[in-house]
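Presented below is the structure to which this report refers.
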Amino acid sequence: MTEDTAIHGETYDLEIALLDELGDPLAIDNTWLVASRFSRSAIGEPSVIDPTFTIAAGVATASIETDAAFDAGSIYFYDVRLTDPSGFDYWTDPVKLTVNDRNTPTA
């Protein structure tokens with residue numbers, strides 16, 4: 001499982017690219033489907049948010065506003081499923097995302 005962090009109130013950007021078995025880039029185009037869902041307790045649990053991905057320049061991207069769906073100081077889990085034009089699914093490793101409080105300086 002991969003771990004990542006985000007700051008509550010800031011945009012969390014995802015960029016998904018594929019590599020073939022030799023490690024060379026494999027371009028994703030609009031014939032592919034990309035889906036993800038973020039949950040609180042584990043992969044496969046009810047979703048908190050299902051981001052929309054845009055496919056361009058061979059990669060899939062999503063920008064998530066963390067203030068809308070996430071609680072500061074909480075942990076979330078997600079993975080991304082890519083489905084090729086033939087219907088085969090490919091999954092990323094699961095990610096444990098910690099959403100940290102924003103550091104606000106005191107005056």
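Heavy atoms only: backbone and side chains are in, while hydrogens, waters and symmetry mates are out.
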Quick check: does any side chain N or O of Asp71 sit under 3.5 Å from a backbone N or O of Ser74, one acting as donor and the other as acceptor?
no
Check the hydrophobic clustering (I, L, V, M, F, W, Y; side-chain heavy atoms under 4.5 Å; chains of links allowed) and say if Leu82 and Ile55 are grouped together.
yes
Hydrophobic cluster membership, Tyr78 vs Tyr90, 4.5 Å side-chain cutoff
yes
Are Leu26 and Phe88 connected in a single hydrophobic cluster, I mean Ile/Leu/Val/Met/Phe/Trp/Tyr linked by side-chain heavy atoms less than 4.5 Å apart?
yes
Are Ile64 and Phe53 joined in one hydrophobic group, where the rule is that I, L, V, M, F, W and Y side chains link up if heavy atoms are under 4.5 Å apart?
yes
Rounded to the nearest 0.5 angstrom, the OG-CD1 distance for Ser41 and Ile75 is 11.5 Å
Do Asp13 and Ser63 pair up side chain to side chain, a donor and an acceptor below 3.5 Å, judged on atom types alone?
yes
We want to know whether Arg40 and Tyr76 form a side-chain donor-acceptor pair, criterion being a heavy-atom distance below 3.5 angstrom.
yes
Out of curiosity, Glu45 CD to Phe77 CZ, how far, rounded to the nearest 0.5 Å?
10.0 Å
Using modelled atom types only, decide if a donor and an acceptor are shared between the side chain of Ser39 and the backbone of Ala42 within a distance under 3.5 Å.
yes
Side chains of Asp4 and Lys96, heavy atoms from C-beta outward: is any pair under 4.5 Å?
no
Is Ile43 reachable from Val95 through a run of I, L, V, M, F, W or Y residues, each pair having side-chain heavy atoms under 4.5 Å apart?
no
Do Thr61 and Leu14 come within less than 4.5 Å of each other through their side chains, counting heavy atoms only?
no
Kindly indicate whether the side chain of His8, heavy atoms from C-beta on, has any atom under 4.5 Å from the side chain of Asp67.
yes
Which heavy atom of Ala69 sits nearest to which heavy atom of Val48, and what is that distance?
O-CG1, 3.1 Å
Scan side-chain atoms only and decide if Glu65 and Thr11 contain a donor-acceptor pair under the 3.5 Å cut-off.
yes
Over all atoms of both residues, closest heavy-atom pair of Ala27 and Trp32
O-NE1, 4.1 Å
If you take all heavy atoms of Thr66 and Gly9, which pair is closest and at what distance?
OG1-N, 2.7 Å
Atom pair CG/OG1 of Leu97 and Thr2 - distance to nearest 0.5 Å:
11.5 Å
Donor-acceptor pair, side chain of Arg81 and main chain of Val34, under 3.5 angstrom:
no
Shortest non-hydrogen contact from Pro94 to Asp79?
CA-CB, 4.1 Å
Do the ring centers of Tyr12 and Phe70 come within less than 6.0 Å of each other?
no
Can you check whether Val80's main-chain N or O pairs, donor with acceptor, with Thr92's side chain at less than 3.5 Å?
yes
Would Asn100 and Thr5 count as a side chain to side chain donor-acceptor pair (under 3.5 Å) here? Give the steps.
CA-CA 7 Å; Asn100 293 320; Thr5 59; 4.5 Å; no
Is the shortest side-chain heavy-atom distance between Ile28 and Leu18 below 4.5 Å?
yes
